[in-house]
Amino acid sequence: MEGTRKGLYVQVGVLSRLSSHRDSVVRAHHIYNLKKSRFGVSSNIQSHVANCSSALFFFFFSTHSPSLAKSTAKTTKPTSTKTTKSSPTSSTKISKASTKTSSAKTEQPTIDTKPNNIMTRVLCVAEKPSIAKAVAQHLSGGQYQTANTSDKYTKNYSFTFNFGPGLGDSNVTMTAVRGHLTTAEFPPTYKSWSHPPPDSLFDAPITTVTTPDCKAIARNIETLARSSSVLIVWTDCDREGEHIGSEIRDAALKGNRNIQVRRARFSNVERGHILSAARRLVALDQRQVDAVAARIELDLRIGFAFTRFLTNNLRGLGGPMGELMISYGSCQFPTLGFVVDRYFRVKNFVPEAFWSIKLVHEREGMKVSFGWARNRLFDRAAVTILYERCLRAREAVVKKVQEKPTKKWKPLPLTTVELQKMATRFLRMTGQQAMTVAEKLYNKGFISYPRTETDRFDKGMNLRGLVEKQFPDGRWGAFARELIEGGRFNQPRQGKNDDKAHPPIHPITYAAPTVLDEQERKVYEFVVRRFLACCSDDAKGMATDVEVGYGEEMFAAHGVIVLERNYLDVYPYENWTGTAMLPKFEVGERFEPTEAMMTEGKTSPPSYLTEADLIALMDANGIGTDATMAEHIEKIQERQYVVTVPRGGGGGAGGAEEDNEPPPAAGRGRGRGRGRGGRAARGGRGGARGGGAGGGGGGDGVKEFIPTSLGVALIMGFDRMSFEISLGKPFLRKETELMMKAICEGRSTKQEFLQSNIHQYRTVYHQSSAELNTLKAACRQYVFNNGNGQ
DNA sequence: GCAAGGTC
């Protein structure tokens, strides 16, 4: 019963792709059958977003005079006696900057002793140095001072800025972290992999410590906080950003436990947007912080517990498994599960013969192919009878001729997932590489933030301005100009997704090809072309449908003439195929077909997953984030759970019973490397595909994923256990995701989340221990190629 | 030695 796996998951594009596959027929459909979350699946995530009442805004600083008076001595004394705590050790960098820029009104470190100081001292912290710099640039109008910190990537920018009512004129220091500041870990007493036993990690204490690499950054924030009365968090507006904000807050509170904490909400670093974010501060959203904290804790516990469990127990089997690290991760396993699932669907595919009738008629020098309305039947005798009836009729009759306008829709605005998929298809890059390059382009200011789920542009965005920036280009400049000056600009389509944090990926400024390396050029070109395509118009054409009756059977021909290519002119990644003109036919006319034949075919198996398929599956099932999906894919290769092979060149991977070639052993040669060694070892065996595809192609540079014998053993081992939820299935992670949303929306709490999830995984752990033999048997069967593993 | 999530 291999390949008949518990449960179903969201299959992306599989059905449509299979059914459109040359000669394939899908008999057993896997369909969306996601277990219902106890929290429901409401997608309304807006509610929390605006939960920071702006009314709150005035209160915090009401003790400060909102008065601007830089020079008026008569202002309220900064009642933030809070700041008076600040020690005289405050950074000299700050005082240097502030004395310079504020008419010596606020000499450091005398802020606490000079009642007349009316300049609020504000500490701003961004999620990354590039944002700190960009924001500092905008807020200061370019008038800022730069100071190095002991972290080589991070700088402190000092300037003055008027935050408007509330904060007013302020001395600002802007700095950054580099992502998360802290990491969760177990106490040293849990260091051993054997005792206390791994399941103790489900309730072991967890400590949050500053990541060693980030110590200098944390100290910088702590020090700056001492001399600041207000902290403004400038992290990305997504869940993780909110949590990073809380880490920044905690670091700042260490330096100054009375510092007031505010948050700026911004989704791009365009000047006007930043300025308005600075004047509309909100509070940190503790719910989002909690949701992420819950996720961090759960992933740590189950990742460590199951990794130790698997490694401890399976290494004992010796041989190729003797020294492996067999990790479990809440994203790794479902990702592996997708690869294994598809592998078995290919392997277990049984081709079926089918028959069909085809009609061809030549007219006006054109050969028109008519397809059978019944498409094909799996009964040869029946088709033979129908075919003979057709022939007896001799003449076909035109029943219907219809001409109607049709169009091919322009693409949706670009998301991260789509960028990765397109890059693996058209740019000869892995998703990981595409992201690295996109990140570089982003840091250089050429494109917007590349990690976004949003596929709709904000109504207020000045898209025309962005199109205009592309005028200078020799390749698409004329197209861009035509959009604006030729009046052919069209508002992009509105997708259904909005992460409320970042806009779709789009070009920010023009980058001449000479300033980019080859990889950057490819990605930048794609981003620009996609953007221009979005701002263009759908391609338009005229479709002709001709239906004819032949005997008692109906046949149809379809033709399209492209009238306006529009976006296709700038977007070579798509084409409008099937572009063919049909000769004239008139309703009622009769003709004797040039050819009428009965054809025979065989259904063919689906293909193995490409990286684009895998990313799409992960996306649809909530496995990983747009930023990490490519990493999980790398990780399961590094762990030797899967390998990639050139498309069409793949063969069976992890052993099937009848597979008498030794499987590409996990750990053979113990290579930790990147796990790709397996590829070279693979011949082009067709597994159960009955030959055919083996060996041949792979010329298009697209890779396919197949599991190793170890990968198959792990997934099958868990699948064969008696309990309902398999670790290799995406349900658990999907549920985690939904429960995080529930926390964000106030429908659940961190405590509830942890209680229920930890209980669930602990149960799975104990059941897995009880049925360890099932898992071992699967390893013997697949990895050691030892019969049925008994 | 182990996760996933940020970012460099």
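Any value given below was found using the heavy atoms of this structure, including those in side chains, with hydrogens, waters and symmetry copies removed.
Atoms CD1 (I131(A)) and C1' (dG6(B)) sit 13 Å apart, rounded to a whole Å. As rounded to whole Å, 17 Å separates atom P of dC2(B) from atom CG of L314(A). Per the geometry, CD belonging to E634(A) stands 14 Å off P belonging to dA4(B), to the nearest Å. Taking atom NE2 of H632(A) as the reference point, atom P of dG6(B) lies 9 Å away to the nearest angstrom. Separating the CZ atom of R239(A) from the C1' atom of dG6(B) is a distance of 13 Å, rounded to the nearest angstrom. Atoms CD (E247(A)) and C1' (dA4(B)) sit 13 Å apart, rounded to a whole Å. The nearest whole Å value for the distance from the CD atom in Q432(A) to the C1' atom in dG5(B) is 13 Å. Spacing between atom CD1 of I206(A) and atom C1' of dA3(B) amounts to 11 Å, rounded to whole angstrom units.
Relative orientation of the F306(A) and F309(A) rings is perpendicular, given thresholds of 30° and 60° on the angle between their planes.
Counting non-hydrogen atoms under 4.0 angstrom, R295(A) reaches a base of the nucleic acid. Residue contacts for P198(A): at a heavy-atom cut-off of 4.0 Å it reaches no nucleic acid atom on any strand shown. Across all strands shown, G241(A) has no heavy atoms under 4.0 Å from either base or sugar-phosphate atoms. Contacts of T311(A) with the nucleic acid, taken as non-hydrogen atoms under 4.0 Å apart, include base atoms.
The 5' end of DNA chain B is approached more closely, in terms of each residue's nearest nucleotide, by S330(A) than by the other of S330(A) and R178(A). If you find the closest nucleotide of DNA chain B to A305(A) and to R733(A), the one lying nearer the 5' end belongs to A305(A).
The side chain of R315(A) contributes no N or O atom lying less than 4.0 Å from OP1 or OP2 of dG1(B). Contact check, T625(A) against dG6(B): a side-chain N or O comes under 4.0 Å of OP1 or OP2. In this structure, Y449(A) does not reach the dG6(B) phosphate: none of its side-chain N or O atoms is under 4.0 Å from OP1 or OP2. The phosphate of dA3(B) has OP1 or OP2 within less than 4.0 Å of a side-chain N or O from S327(A). Residue R639(A) places no side-chain N or O under 4.0 Å from the OP1 or OP2 atom of dG1(B).
Out of dT7(B), dG1(B), dA4(B), the shortest distance to the side chain of W193(A) is found at dG1(B). Closest contact between the side chain of E439(A) and the listed nucleotides dG6(B), dC8(B), dC2(B) involves dC8(B). Listed nucleotides dG1(B), dC8(B), dA3(B) differ in distance to M325(A); the shortest reach to its side chain belongs to dG1(B).
Using a 4.0 Å cut-off between charged side-chain N and carboxylate O, D236(A) and K128(A) make a salt bridge. Salt bridge absent: R287(A) and E745(A) never bring a charged side-chain N and a carboxylate O closer than 4.0 Å.
Ring-base stacking between Y328(A) and dA3(B) is not satisfied when judged by a centre separation under 5.5 Å and a plane angle under 30°.
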If you apply the rule salt bridge (charged side-chain N to carboxylate O under 4.0 Å, His left out), what do you find for R263(A) with D285(A), and how did you get there?
CA-CA 9 Å; R263(A) 194 215 202 297; D285(A) 180 353; over 6 Å; no
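With no hydrogens or angles considered, no side-chain donor-acceptor pair links R451(A) and T416(A) at under 3.5 Å.
With contacts defined as side-chain heavy-atom distances shorter than 4.5 Å, the pair C779(A)/L314(A) qualifies.
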